[in-house]
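First comes the structure, then the notes that go with it.
Only a predicted model underlies this, so the values are computations on that prediction, with no experimental measurement involved. Protein chains get the first letters and strands the later ones, always in sequence-line order, with residue 1 at the start of each.
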2 protein chains.
Amino acid sequence: MKADAVRGHLDGLLLAVLEQGPLHGYAIIAAVQHRSGGVLELRTGTIYPALQRLERLGLLSSSWESSGERRRRCYALTEAGRHTLAGERTAWSEFTAAIGSVLNPTTPPPGLAT
Amino acid sequence: MKADAVRGHLDGLLLAVLEQGPLHGYAIIAAVQHRSGGVLELRTGTIYPALQRLERLGLLSSSWESSGERRRRCYALTEAGRHTLAGERTAWSEFTAAIGSVLNPTTPPPGLAT
DNA sequence: GCCAATATGTTGGTCCCCTATGCATACACT
DNA sequence: AGTGTATGCATAGGGGACCAACATATTGGC
């Protein structure tokens, strides 16, 4: 998987892994990597600005968790985030359908048993 | 479909529509639009530089078609292009599998009958 | 004391596509 | 003859998004 692959789909990934409960940045990286079968390895320089942006947009809310442990900024999905996630899923299926139908057309090239 | 959607997948689209025969730039735009069900509308400022780049890479070869008509630069897949196209298709399926498994995990969220 | 793992963040750079623009030819309509 | 529309190729400039690299701090093992 080329390094740049998630371009344009990062927001959906972040929202999706937070659907099942709040996580902090480092754990989000691990969650995405795990759920993608080890394929997607996000960088800190990628997700921290993205998380801040999503919080600015009101799709996430954050809080510091410091009790007994190392300080962690935990992000949780807001209602708006849940709604946006649903939209991202729809957009994803439309996107894959569009690209897929060009890349692998259902109309086969001529020449196989007419 | 957001304007920027094809980012990172343009090469595959161009190679794919040229698989069934040579086309010129304007026809490539029409072919992509048609095969995507009208969803993907590439711009000339997008594809002409891309076609030149793919030719530089040896994946396409071009020739001017001027006989009796308006001048057209027709692009055709080379053997290397055909090979790259196969790779793009593999990469595409890996890509969709990776993003899809994060966006729509097969492991459902806990709380539905065990 | 040192190093690895955990954890959050910023900075600079690059790539890639889009918007906007320009130019040229063919054809229909008036 | 002039105008408008469709066809056709091409470049310039801009911006967004992600990455690589770096900076900092704590925890725990050796």
Per-nt protein contacts along nucleotides 20-25 of chain C (heavy atom under 4.0 Å; B base, S backbone sugar-phosphate only, - none) come out as B----B
- Under a 4.5 Å cut-off applied to non-hydrogen side-chain atoms, are A:S62 and A:H24 in contact? no
Picking from C:dC17, C:dA7, D:dC18, the nucleotide nearest the side-chain atoms of B:L10 would be C:dC17
Looking only at heavy atoms, the pair that brings A:L103 and B:L13 closest together is CD1-N, 4.1 Å
* **Sugar-phosphate, base or nothing in reach of B:R73, heavy atoms under 4.0 Å** => sugar-phosphate
Contacts of A:A27 and A:D4 projected onto DNA chain C by closest heavy atom; the upstream (5') one is A:A27
Looking only at heavy atoms, the pair that brings A:T78 and A:S61 closest together is CG2-N, 3.8 Å
A:L13 CG to D:dA17 C1', in whole Å, measures 14 Å
Whole-Å distance, A:R43 CZ to C:dG13 C1', equals 16 Å
Which of D:dC18, C:dT10, C:dC17 is nearest the side chain of A:P49? It is C:dT10
message: Any heavy-atom pair between the side chains of A:L77 and A:L59 that's under 4.5 Å?
response: no
When rounded to whole Å, the NE2 to P distance for the pair B:H9 and C:dC17 reads 9 Å
To the nearest angstrom, the NE2-C1' distance between A:H24 and D:dA25 comes to 15 Å
Test side-chain contact (heavy atoms from CB on, under 4.5 Å) on B:T84 and B:L57; report intermediate values, then the result. CA-CA 11 Å; B:T84 298; B:L57 291 173; over 6 Å; no
From CD1 of B:I28 across to C1' of C:dC17 the rounded distance in Å is 17 Å
From CD of B:E41 across to C1' of C:dT19 the rounded distance in Å is 15 Å
Nearest heavy-atom contact between B:E41 and B:R43 is O-NE, 3.5 Å
### Message
Mind checking if B:L42 touches a base, just sugar-phosphate, or nothing, with heavy atoms under 4.0 Å?
### Response
nothing
Taken to the nearest whole Å, OH/A:Y26 to P/D:dT27 is 16 Å
Query raised in the report: Can you tell me if A:S36 uses its side chain to pair, donor with acceptor, with the backbone of B:V102 under 3.5 Å?
Result: no
Q.
Tell me whether the side-chain N/O atoms of A:Q52 come closer than 4.0 Å to OP1 or OP2 in C:dT8.
A. no
Residue pairs meeting salt bridge (charged side-chain N to carboxylate O under 4.0 Å, His left out), one or both in residues 75-91 of chain B, sequence neighbours left out, come to B:E19-B:R89, B:E79-B:R82
Please write out each protein N/O paired with an N/O of nucleotides 13-15 of chain D under 3.5 Å, distance rounded to 0.1 Å.
unit_1: D:dG15; atom_1: N2; unit_2: B:R7; atom_2: NH2; d: 3.4

Review point. Just wondering, do A:L23 and A:Y75 contact through their side chains at under 4.5 Å, heavy atoms?
Key: no
Quick note, salt bridge (charged side-chain N to carboxylate O under 4.0 Å, His left out) partners involving residues 48-63 of chain A, not counting sequence neighbours, are A:D11-A:R53
note: B:R53, atom CZ; C:dC16, atom P; distance rounded to Å ~ 6 Å
side-chain hydrogen bond (donor to acceptor under 3.5 Å, both in side chains) pairs touching residues 92-103 of chain A, sequence neighbours excluded, are none
*In the single-linkage hydrophobic clustering (I, L, V, M, F, W, Y; side-chain heavy atoms under 4.5 Å), do A:Y26 and A:L42 co-cluster?*
no
Against the side chain of A:Y48, the closest entry in D:dA10, C:dG9, C:dC17 is C:dG9
Sorted by number, residues from residues 30-38 of chain A placing a heavy atom under 4.0 Å from DNA chain D are none
